[in-house]
Structure formats: structure tokens, C-alpha cells
There are 2 protein chains.
Amino acid sequence: MVRHLQPHIRYFIAIAEELHFRRAAERLHVAQPVLSRAIRQLEDQLGVILLQRSRRNVSLTAAGSVFLEECYLAREAMKRAEQRAIKANKGESGRLIVGYTDFAINGVLPSILATFHSHLAEVSIDLVRCDSHEQLEAIEGGRLDVGFLTGPVSGAGLRQVTVHEAPYMAVLPYHHPLADLESVPLKALSEEVFVLGNMHTWRHFVSQIKALCFEAGFIPRVVKEAPNSDSIFGLVAAQMGVTIYPDCDLNHNRRDIILRPLADTEAKLITEMVWSSSSTNPVVARFVDVVTRTRTNRVPRCRQERGQ
Amino acid sequence: MVRHLQPHIRYFIAIAEELHFRRAAERLHVAQPVLSRAIRQLEDQLGVILLQRSRRNVSLTAAGSVFLEECYLAREAMKRAEQRAIKANKGESGRLIVGYTDFAINGVLPSILATFHSHLAEVSIDLVRCDSHEQLEAIEGGRLDVGFLTGPVSGAGLRQVTVHEAPYMAVLPYHHPLADLESVPLKALSEEVFVLGNMHTWRHFVSQIKALCFEAGFIPRVVKEAPNSDSIFGLVAAQMGVTIYPDCDLNHNRRDIILRPLADTEAKLITEMVWSSSSTNPVVARFVDVVTRTRTNRVPRCRQERGQ
DNA sequence: CACCACTGATACCCTGAAGGTATCAAAACA
DNA sequence: TGTTTTGATACCTTCAGGGTATCAGTGGTG
């Protein structure tokens, strides 16, 4: 144990507990005169008599009692400081700033965080809702420790692990003719009009959708851009158009839209956990470690059927 | 300001705040190399890198941030310890064990304590209900700081101040013939039977009542001994007898008994504040000081009349 | 009452931790 | 390329803090 309090304080505590200079000196492994002097100095500095000592008896004064209690608190505070620093160094304590997208928070992130919390309850996690490209900047700039964002990701100094892959689904209004099919060929959507997320916050995702359509041989006609998932689904339900969306929990809560797998593509929306390889925060390594080791537990999901 | 934390901690705090060794050194009035070494030693002792320092930049590691926060707490704890010790020495902080009797707690004590609390809120007062003679023993034995008890008091090493004098009153059942008088001569009670407190807890008080009667030329016939004030008044109301009781607030709350001043005596029940002249607790002196300086404010009391 | 055991305080010495000076090496910048 | 500025290193110095010897009351004991 490191000794961060002045020796005077340690000595005072020992003497106050023993109420005996020689015994306290033995306990502290110092010579008795050392204590006589230390207490005198302490009392001089404070201008307060702490110990009432006669030739035969040592007792605490009222001020000494008060000081002793407070010294205990200070000593505990100092011990705690050491221990927390050591734990923080091992990544077992501290703070972690985690970024997430809508896809992540509606997908795997909650269970990941719950798992991590059960492993290392002393780490406090700050969650920040942040678009994928903003997260990447923040991670590179050191403002974010870990990001959960839409891949693919490339960047020097970034490390990543895929935490989730969600197949793309066709999202159709309830009475749309294509909803009769078990699965929807991507090309079948070429004549449809699309509702998509706007380019500002959905940059990563929308450009992937567009690439997907391009590969299938058409350019999607976007009639509406929406800022968030609810708006997109609402507009589809309102028969403003169709859209393509990854298969995540969020979809299955609505009864006014139909989801169908895409037939002729294996493309998936990839959610990556990303962190900086130059990160100095040990909690990051710890977090990544826990997440990768427990990554296997996926939440099973049942297929939605139209009509009841 | 005394410096009770190891210099290392003070240095670490300064550097963490300045994030600059030279500036921190200036602020601390030490040479810069001192800080380089102190931090290295601190880090060695903890086994934790606290400051990430390149030739051009100093920044806190994650563990360093944690340690800094905890160091602040420890520093505050230590400052607080000093200040409380100094205050305790001046009697402005600390603990006071105060004894009281039923008469005191129903008389002047509440306002005295309220006044003291408004003067010195940092003193915590432990109140102990305790009979007069037990209080005297406890004060002499150092187990009690101040007592509020029934006088007169004599004892070497005891100091005292009279905080209240209450004239004795005749306490009569509601329909008692003597209740017709404005004031009751003590002798008129010589043929009555008495309800008094028992000798165990009411020793001081009962012996004074008996002395009073003896001076008036009779020995009171005690038919009932009761352990507390409520019992005494209840027994009087039940026409078991009369009693003599000091004039204090408690009396005036009952409608089934009548209080009349005693006509032919000036005797009063004296409540003394008593403390040990050898007391080492500065709070005692402070308390006594506050009480004696503000003793003048007595609570005025109106006379009770029979029959609405 | 003389004696002894034991207490905390004092006097004095010594060591090493902590502070100082000079300087270095790397980085940033003009 | 030279200059400035940074934290680190080497080495010297000093005094706070630790040690030993001893003192001076105190209380118990034969």
C-alpha cells in the first residue's frame, strides 16, 4: 500500500487508536521519539492540541476526536483514489463514451451493453446518438471511445469488429401487390418509387441502398426523404412509396407495412463496432474484449406474416 | 494552509490542471525537474501511467483522470479535517452531551438549545434524559458535558448558572375547596394528603417539597408516589390528593386540575446549568457563554383561571 | 520511604528523500 | 538551419524525518 498521506497523519491515527506512544511506535515500526515530535509538529501547524498527555495517560481532546474522524475519511479517500486509478488502468473502472446509430440501438447494442455492465459494473458508459460518419470522425479525433455504426468502414488507425449483419428487406405498403410474394426480387422494385432516409444523417445507409439498386440494374426513384425510421415507415404505410430496410426489431412492431426478404441479393446491412487502434483508454480494450468474447448470442427473431 | 497530503499528490493535481510541467512548477514554486521526478515516482508506486507526455504535449490518461477526481476528494477531506479540528478547538464544532430533567425539558431548555443551535449550527448536541443526581455524577465522571438539573447544587469542581426559577404552586383537584382562594397558604395543605414523585427519580425535587412543608410546620402525608409528571397530575385530577409543583408550561395544558400560587413562601424550584470546571471540551465553554449571554429572554406565561 | 518500572519529552546525530542547478534531446516553428 | 520550448536527466545540496541515549515525572511495591 502506497502512503500518500503525510506521515504525521498516519502517526496521529495510530497514537489516537493506541492511546499509547510506545505501542503506536511499535505498530508503526518507528522509534517512539519520532511520534512525540510528529504530534507536536502537527499540533503546532494546526494550532490545536489533539492529544492530552500526562506522564501516565494519553487521551484525545475534543478537537482530537473530531480530527481523528476526519482523518479516517481522508485516508479512505486516498486509498480509494489509488484503487480506482489502478482499476482504471486495468480497464475495470472509468468512463467510456460510446456512439451508436438507430440501427445499433434497435439491434444488438442493448444486449451488448447489458452484458458488459454485468461484467464490469464500475465502468460508467456515456451513450451518444451519432450518425455513422460523425462517429468515425469522433473516434479518430479521440472524442469517442467506441462507435457502433453502419459499415463497411475503412480508415487508417481504426479497428473494427462486425457485431451484426441484417439482411435487407423490402418494405411495402400493406396492400401492395408484391406483398403476395414470399420474397421480392430486387428488380421487381425498379418501377417503384422510393422513400429513403435523407442524405445528411443516413449517408452511409442510403448510399448502400443506391449501390444495391445500381447493381440490380436500376436507379431508384426517390420521391421522399425522411429524417428518421418512423417517418420512413409512416410514409410507406401512407402508400407514398416502398423502401429497403435492414431486418431489425424495429420493423416488426408495425401492422400497416409488410416486410419481405429480397430474393436476388445477399447484401446485408453491417453494424460494426469501431475503435481507434491508438486509443489509450484501457477500458476500450476491455470493452472490446468482453464484446468479442460474448458476441455469439444473437437474438432469434420470428418471421412476420400478413393477415393476422 | 497546512499541507497534509504527500507533495506528490499536490504536484500531480497542479500538473493535471495546467497540463504543463513548467507552468505547474511556477505555480507550486518549485523547480520543474522536481515535478518530472515526483510524477515518475508516483506512477512507479501506483504501477499506473497517469500523464501521457510527449515532448510537446501533456495529457491525462484515463486512469489519470480518475485519479485526479479522487485526489480532489481526498484533498477536500483533508482540508475539512483541518478546519473541523480548528473549529472544534474554538468550540465552534464538535459534539456536546447534554443532560436534562423533566423540569428542564418542559421549561427553558428548548429555547436555550434553539438559541445555541442558531449560534453554532456545527455543534451536534446529544440530549440525555437523566435525573439530577445522576447528572451530577456523570458530569464529575466526564460522561456528561453539561447538565440541566434541579438545584441547589454543591460540589467541588462544578460550575453552575441558574437558568430558571419557578415558584412553587399548589396543584389541586378541580373541585377542591382551596381552589376558591387567589393563593393558597402552605399551612392550609397540612391536613391534605399528597401525591408526590417517587424518591428514585425525583430525589432532589421531593426532598425540597418535604423541606418546604417542614418549615411550614408539618410533615406531608404522602399517599401515592408516581414516576412522572403526567401520573402526578392524573392522580391529583382523580382526587387522590394534592401536590406542590413548580410553575412551568406543562401545568397549563390540563383542564382537570387547578394551580394556585403558594401564599406564604418565596421558595422556588431552581434549574441550574452545571458543568465541570475541569472540562477540556471547548464546546462547553462556548455553550455556557452563549447561554449566559442570552439567558434574559424568558417566555412570558399567563395565569390560568378556573371555569373558562 | 527507597526503589523500580514505565511513561512521554528532550537533545543530539545521521541519512536520504526532496529540492535546486545545469544541461540534454526532441519537437515545433520561423 | 537555427531558435525556442518542452519534459527528462545528472548531479549536488539541504533539511525533514528517523535513530540513540537519556531525562524527568508517576505510580506501584516491598
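So that the names make sense, note that chain A is the first sequence line, chain B the second, and so on, each numbered from 1.
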Trainee: Choosing from D/dG17, C/dA18, D/dG18, which nucleotide comes nearest the side chain of A/V34?
Mentor: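 The closest nucleotide is D/dG18.
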
Trainee: Starting at atom CD of B/E26, determine the distance to atom P of D/dT5, rounded to an integer number of angstrom.
Mentor: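 For the pair B/E26 CD and D/dT5 P, the rounded distance is 12 Å.
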
Trainee: So which nucleotide from D/dT20, D/dG17, C/dG19 ends up closest to the side chain of A/H8?
Mentor: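 Nucleotide nearest to A/H8's side chain: D/dG17.
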
Trainee: Using a heavy-atom cut-off of 4.0 Å across all strands, would you classify A/R22 as base, sugar-phosphate, or nothing?
Mentor: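 Counting heavy atoms under 4.0 Å across all strands, the contact made by A/R22 is with sugar-phosphate only.
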
Trainee: Atom CD1 of B/I15 to atom P of D/dG7: distance rounded to whole Å?
Mentor: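 Atom-to-atom, B/I15 to D/dG7, this comes out as 9 Å.
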
Trainee: Within this structure, what is the CG-CG distance for the pair A/L51 and A/N57, rounded to the nearest 0.5 Å?
Mentor: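 That separation rounds to 12.0 Å.
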
Trainee: Nearest to the side chain of B/H20 - D/dT9, D/dT6, D/dG19?
Mentor: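 Looking only at heavy atoms from C-beta outward on B/H20, the closest nucleotide is D/dT6.
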
Trainee: OP1, OP2 of C/dG19 versus side-chain N and O of B/R37: anything below 4.0 Å?
Mentor: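 B/R37 to C/dG19 OP1/OP2: no side-chain N or O under 4.0 Å.
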
Trainee: Would you indicate, yes or no, if C/dA9 has its OP1 or OP2 atom less than 4.0 angstrom from a side-chain nitrogen or oxygen of A/R53?
Mentor: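 For C/dA9, OP1 or OP2 has a side-chain N or O of A/R53 closer than 4.0 Å.
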
Trainee: Could you check if a side-chain atom of B/V30 sits within less than 4.5 angstrom of a side-chain atom of B/Y11, using non-hydrogen atoms only?
Mentor: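 In contact.
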
Trainee: Looking at every heavy atom in both A/G91 and A/V123, which two are closest together, and how far apart are they?
Mentor: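 Smallest heavy-atom distance, with atoms named: O-CG2, 4.0 Å.
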
Trainee: To the nearest Å, give me how far apart CD (B/Q6) and P (D/dG17) are.
Mentor: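 My rounded result for the distance is 11 Å.
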
Trainee: Between B/Q32 and B/S36, is there a side-chain donor-acceptor contact under 3.5 Å, judged purely by atom types and distance?
Mentor: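 Yes.
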
Trainee: Would you call the rings of B/H204 and B/H133 parallel, tilted or perpendicular, taking 30° and 60° as the class edges?
Mentor: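 Answer is parallel, since the angle falls under 30°.
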
Trainee: Determine which bases of DNA chain D form Watson-Crick or G-U wobble pairs with both distances under 3.5 Å, and write the result as a 5' to 3' dot-bracket string with | for other-strand partners.
Mentor: ||||||||||||||||||||||||||||||

Trainee: Check every atom of C/dG8, C/dT10, C/dA18 against the side chain of A/F21 and return the nucleotide holding the closest atom.
Mentor: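 Minimum distance to the A/F21 side chain belongs to C/dG8.
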
Trainee: Can you tell me the distance, in whole Å, between the CD1 atom of B/I49 and the P atom of D/dA8?
Mentor: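 To the nearest whole Å, that distance equals 11 Å.
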
Trainee: Rounded to the nearest angstrom, tell me the gap between atom CZ in B/R10 and atom C1' in C/dG19.
Mentor: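 It works out to 13 Å between those atoms.
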
Trainee: Taking donor-acceptor contacts at under 3.5 Å, does the side chain of A/Q32 reach the base of C/dA9?
Mentor: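 Indeed, a donor on one side and an acceptor on the other fall under 3.5 Å apart.
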
Trainee: Taking all atoms of both residues into account, what is the closest heavy-atom pair of A/A85 and B/A63, and its distance?
Mentor: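 That would be O-CB, 3.6 Å.
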
